[in-house]
2 protein chains.
Amino acid sequence: MPARPAAQNAPSPRKSQRTRGRVLDAAARLLASSGYAHTNLSDVAAAAGMKAGSLYYHFDSKEALVEEVLRYGTMHSFEHVRSEVERLGPTASPAEQLRAAIQAHLDSLHTLGDYASAGLRIVDQAPEPIRRRQYAIHRRYGDYWHGLLERAQSAGLLAPDLDLLMARLFLFGAMNSSVDWPASARRSTEDLTTALLALMGV
Amino acid sequence: MPARPAAQNAPSPRKSQRTRGRVLDAAARLLASSGYAHTNLSDVAAAAGMKAGSLYYHFDSKEALVEEVLRYGTMHSFEHVRSEVERLGPTASPAEQLRAAIQAHLDSLHTLGDYASAGLRIVDQAPEPIRRRQYAIHRRYGDYWHGLLERAQSAGLLAPDLDLLMARLFLFGAMNSSVDWPASARRSTEDLTTALLALMGV
DNA sequence: GTCTATATAGAGATAGAC
DNA sequence: GTCTATCTCTATATAGAC
């Protein structure tokens, strides 16, 4: 997977495309660290080595810029989780798959890059139109996790009467909150994964 | 506990104090539903039946107003959780206490009122100076939960090697996220409590 | 105490020179 | 493609009349 969205048919990207990429990189970094409201276009432009007005050659609006970051980030996380689970092979137990998925999701948030982090963190802060359009991607991601949890439940790792929708949302809330933890709680994603699974009694 | 902060020595509050209370009520409601950035003083003033400029007779700044809502809200949640746990009496098991605490925290978020909801939700969105001053209150609340989790761990409800700091932060993340859940996942706080405890295998 | 009017600042966005 | 300059809008906050 490329480090950032690439033009559809651009075997050797033009300067325009590379600049556009720098803008997206800067936006992703600022969105991931400062949130939607606190990220202004002047800072994005400065981080990309240009002035605010110049951004509009590459993007129609702040919303369009943010949306592209979010869309790519969420898909990136999704792909990462799925590939990490599939890397285990078809013989992996539901417990092993669940652990791999949790660690991959946490890695997306903490170490995989700004796009993934922004994609998972900022959606709730973004304006309603953006949220609506992001919904399809998130639902597919949610469906994938639903399958993981179903297998875990069938294998007896989760209580048989546990509502899997609530379980998934609680799990996402727990994992996603970790980016806002105080410095005193900073741990490796392996440690986070182990603790979360232990909290679940798995 | 009163519905909102009352003047220190005001057995029969003056009109000024009652108006000030209306402003706080309006601010709490808007902060709880719209977040820090989207809550502007014009809307607060309108909801309190006045114009934006008039707010400055009662509060020095937006930050001062928000901070008073947050401080009261967090303390309110804290008091509610502690009183619900204590209501069980000294013979209650750690499992019963944990359930009562989780449900009380969720009730703070969902049904107890705007102050409590705002206090738990928007601290992370508030400007840094506010966050710093809120820290003492949150740490006391965290310490209280730490005690609950310690007893649960001693009683065998939680894995003996589980890091209780991470456990508490994951738990808070899970509970607090529930206010942002989609409408399709709306449940009673009893159902939420049952699901979260089931996810923990308790 | 609350009003109207306004100062001030910052944001997103546009226009036209280069 | 990027610049500078500027428009517009919204927000916090202030000043002075009532």
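All heavy atoms count here, side chains included; hydrogens, waters and symmetry mates do not. So that the names make sense, note that chain A is the first sequence line, chain B the second, and so on, each numbered from 1. Just so it is clear, the structure is predicted and the values come from calculations on it, not from any experiment.
Residues passing the side-chain hydrogen bond (donor to acceptor under 3.5 Å, both in side chains) test with A/Gln97 are A/Arg151, sequence neighbours excluded. Every residue two or more places apart in sequence or in another chain was checked for a salt bridge (Lys or Arg N to Asp or Glu O under 4.0 Å) with A/Asp114, and none qualifies. Every residue two or more places apart in sequence or in another chain was checked for a side-chain contact (heavy atoms from CB on, under 4.5 Å) with A/Ser33, and none qualifies.
For A/Thr189 (side chain) and A/Asp107 (main-chain N/O), no donor-acceptor pair under 3.5 Å exists by modelled atom type.
Within the structure, a side-chain polar atom (N or O) of A/Thr19 is placed less than 4.0 Å from OP1 or OP2 of D/dT2.
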Review point. Given the rule in the side-chain contact (heavy atoms from CB on, under 4.5 Å) test, do A/Arg20 and A/Phe59 qualify, once you have shown the distances and angles that lead to the verdict?
Key: CA-CA 8 Å; A/Arg20 181 186 160 88; A/Phe59 297 93; 3.5 Å; yes
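Using a 30° and 60° split on the angle between ring planes, A/His76 and A/Tyr72 fall in the tilted class, from 30° to 60°.
Listed by residue number, the members of residues 28-47 of chain A with any heavy atom below 4.0 angstrom from DNA chain C are A/Thr39, A/Asn40, A/Leu41. For residues 50-66 of chain B, proximity to DNA chain C is found at B/Met50, B/Lys51, B/Ser54, B/Tyr57, B/His58, defined as any non-hydrogen atom under 4.0 angstrom from a strand atom.
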What side-chain donor-acceptor pairs closer than 3.5 Å can you find for residues 174-182 of chain A, not counting sequence neighbours?
{"residue": "A/Asn176", "atom": "OD1", "partner": "A/His105", "partner atom": "NE2", "Å": "2.8"}
{"residue": "A/Ser177", "atom": "OG", "partner": "A/Ala174", "partner atom": "O", "Å": "2.8"}
{"residue": "A/Ser177", "atom": "OG", "partner": "A/Trp181", "partner atom": "NE1", "Å": "3.3"}
{"residue": "A/Ser178", "atom": "OG", "partner": "A/His110", "partner atom": "NE2", "Å": "2.7"}
{"residue": "A/Ser178", "atom": "OG", "partner": "A/Met175", "partner atom": "O", "Å": "2.6"}
{"residue": "A/Asp180", "atom": "OD1", "partner": "A/Arg121", "partner atom": "NH2", "Å": "3.0"}
{"residue": "A/Trp181", "atom": "NE1", "partner": "A/Ser177", "partner atom": "O", "Å": "3.4"}

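The residues B/Glu96 and B/Arg99 are annotated as not salt-bridged, no charged nitrogen and carboxylate oxygen being separated by less than 4.0 angstrom.
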